[in-house]
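Numbers restart at 1 for each chain; the letters A, B, ... are given by sequence-line order, proteins then strands. Computed from heavy atoms alone, side chains included, the values below leave out hydrogens, waters and symmetry copies. Predicted model only: the values in this text are computed from it and were never measured.
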There are 2 protein chains.
Amino acid sequence: MDKALFKQADLKQTELRAPRMGTTYAGPPAGGAEPSFDLIELMFFAYRDFVADADHLLENFGLGRAHHRVLHFVNRRPGLSIAELLEILKITKQSLNRVLKELLDKDYVEARHGARDRRQRQLFLTARGRVLALAVANLQSKRFAEVFAELGDGARAGATDFLLAMINANERDKVAALIGPRAVTGFPHVLDERTRR
Amino acid sequence: MDKALFKQADLKQTELRAPRMGTTYAGPPAGGAEPSFDLIELMFFAYRDFVADADHLLENFGLGRAHHRVLHFVNRRPGLSIAELLEILKITKQSLNRVLKELLDKDYVEARHGARDRRQRQLFLTARGRVLALAVANLQSKRFAEVFAELGDGARAGATDFLLAMINANERDKVAALIGPRAVTGFPHVLDERTRR
DNA sequence: GCCTATAAGTCAGTATTATTGACATATTTC
DNA sequence: GAAATATGTCAATAATACTGACTTATAGGC
């Protein structure tokens with residue numbers, strides 16, 4: 001009985017923890033209220049299963065979590081520079097290097113000299129890369145589609161609001177800006193001035 | 001300037017990816033709909049900041065993400081066995097060992113011989129461990145409190161429904177069962193039959 | 001044009017969290 | 001008593017990250 005309880009799959013361990021942000025620990029309880037154990041645990045499991053979709057798919061291509069992140073953000077912000085990518089991913093260039101090199105080698109990502117500044121390398125997905133990124137995004141979107149088929153489409157706005165509110169206030173605007181305008185099309189950077197002469 | 005550019009925080013990399021589940025990739029698009037890039041990205045950022053809270057706090061105690069998971073689940077299911085913990089965490093006992101040993105050494109966790117089966121070791125938090133686990137939970141709960149202060153308390157049920165629906169269907173009942181009844185008190189295992197003679 | 005700053009790439013060494021495989025020990029169950 | 005089970009442990013490895021130091025190419029100020 002206890003066996004069957006958690007048998008489903010071989011999961012990699014990475015959740016329930018993450019990067020440190022500028023969060024300040026203000027001391028024990030907020031104001032006497034009980035901790036929201038339910039939501040804490042739900043966040044853990046929901047995220048676990050959510051990312052598992054992408055993880056599972058990309059594994060077939062010999063790509064790991066680091067590759068996924070790069071693929072995702074290059075897809076979302078085509079034309080971004082190495083520095084910008086490092087800013088988003090919050091990793092060092094040494095860490096990025098291995099992963100990016102593999103993505104370049106395997107022809108998922110393409111780097112072009114910066115149009116304005118030749119020192120920069122602007123990153124784009126190749127056709128292959130775009131197919132893969134879209135496949136991942138579609139798989140993840142399928143989960144959302146099922147969720148809102150169950151909860152009703154009205155729940156989508158609520159979920160969006162909830163997730164946005166969960167983001168650190170100082171980053172919320174940036175994320176909202178990145179998300180809102182490009183939610184559907186997703187190709188703003190290609191059009192911005194940096195890629196023009 | 002490149003220095004300053006990346007200085008914000010020293011973040012560990014683990015998000016936007018996770019364990020593999022039994023998710024089946026059914027082919028490109030679901031039915032022609034655009035991928036939900038907005039929600040995909042929101043999940044990433046929301047979870048990133050959410051777990052950063054715990055991460056940041058535990059770092060002061062020399063504890064990492066693996067320790068957090070153990071602390072969390074032992075707190076939530078006191079009296080669980082090594083095997084049960086491994087099942088939940090989906091890691092090997094070799095991986096658990098180092099982490100658990102540290103938590104035992106540092107007196108956050110306590111292991112007692114199984115009451116029914118002396119081969120088993122049942123895990124409990126010590127007073128210290130409970131204080132720490134509660135501090136983490138309170139910090140994470142603070143974020144939820146702020147979110148629902150902003151969105152209104154009505155949003156809490158919606159968020160719960162959303163997160164629950166995001167969990168793989170085959171696990172949903174188990175998680176719901178674990179979460180619902182013990183959301184507040186959190187000490188069910190101690191009372192279950194396994195710890196009795 | 002030169003000098004400095006910047007963007008990126010690279011080499012070397014290390015940490016954390018995970019893995020697989022093999023085997024030892026204590027205890028339960030048949 | 002023998003086999004199964006729960007746990008612990010040794011050893012080697014992988015993926016993802018880190019710091020520090022250095023090179024190369026290009027941009028920009030003077």
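Looking at the side chain of B:Gln120, the nearest of the listed nucleotides D:dC18, D:dT7, C:dT16 is D:dT7. Distance from the side chain of B:Asn97 is smallest for D:dG8 among the nucleotides C:dT10, C:dT19, D:dG8. Nearest to the side chain of B:Lys93, among C:dT10, D:dT7, C:dT19, sits D:dT7.
Regarding A:Lys90, its NZ atom lies at a distance of 12 Å from the P atom of D:dC18, rounded to whole Å. What separates CD1 of B:Ile91 from P of D:dT7 is a distance of 13 Å, to the nearest Å. In this structure, B:Leu86 atom CG and D:dA6 atom C1' are separated by 10 Å, rounded to whole Å. The distance from atom CG of B:Leu96 to atom C1' of C:dT16 is 15 Å, rounded to the nearest whole Å. Here C:dT6 presents its C1' atom at 14 Å from CD of A:Glu84, a figure rounded to the nearest Å. To the nearest angstrom, P of D:dC18 lies 12 Å from CD of B:Glu59. As rounded to whole Å, 18 Å separates atom C1' of C:dA8 from atom CZ of A:Arg98.
Judged purely by distance below 3.5 Å, without hydrogens or angles, the side chains of B:Asn168 and A:Arg143 pair a donor atom with an acceptor atom.
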After noting the C-alpha distance and the side-chain angles of B:Arg172 and A:Glu146, does the key distance pass the salt bridge (Lys or Arg N to Asp or Glu O under 4.0 Å) rule?
CA-CA 14 Å; B:Arg172 213 171 295 167; A:Glu146 286 163 1; over 6 Å; no
For salt bridge (Lys or Arg N to Asp or Glu O under 4.0 Å), just list the numbers for B:Arg77 and B:Glu87, CA-CA rounded to whole Å, side-chain angles, deciding distance to a tenth of an Å, and then say yes or no.
CA-CA 13 Å; B:Arg77 297 149 179 72; B:Glu87 274 287 308; over 6 Å; no
Sugar-phosphate atoms are those with a prime plus P, OP1 and OP2; base atoms are the rest. Using that split, label each nucleotide of nucleotides 23-30 of chain D B, S or - for protein heavy atoms under 4.0 Å, 5' to 3'.
--BBS---
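The side chain of B:Ser95 contributes no N or O atom lying less than 4.0 Å from OP1 or OP2 of C:dT17.
Taking CG from A:Asp49 and CE from B:Met166, the interatomic distance works out to 8.5 Å, rounded to the nearest 0.5 Å. Interatomic distance, B:Phe37 CZ to B:Leu42 CG, rounded to the nearest 0.5 Å: 13.5 Å. Note that CG of A:Leu164 and CD of B:Glu41 are 11.5 Å apart. Values are rounded to the nearest 0.5 Å.
In this structure a side-chain-to-backbone donor-acceptor pair under 3.5 Å is missing from A:Asn75 to A:Leu71.
Nearest-nucleotide mapping onto DNA chain C: of B:His67 and A:Arg121, the residue sitting toward the 5' end is A:Arg121.
The two residues A:Gly79 and A:Gln122 make their nearest non-hydrogen contact at O-NE2, 2.9 Å.
Screening B:Val70, B:Leu58, B:Val136, B:Val99 for a side-chain contact (heavy atoms from CB on, under 4.5 Å) with B:Leu63, the sole residue that qualifies is B:Leu58.
Contacts between residues 99-107 of chain A and DNA chain D, defined by a heavy-atom separation under 4.0 Å, are absent.
Side chain B:Gln94 to base C:dG21: a donor-acceptor pair is found below 3.5 Å.
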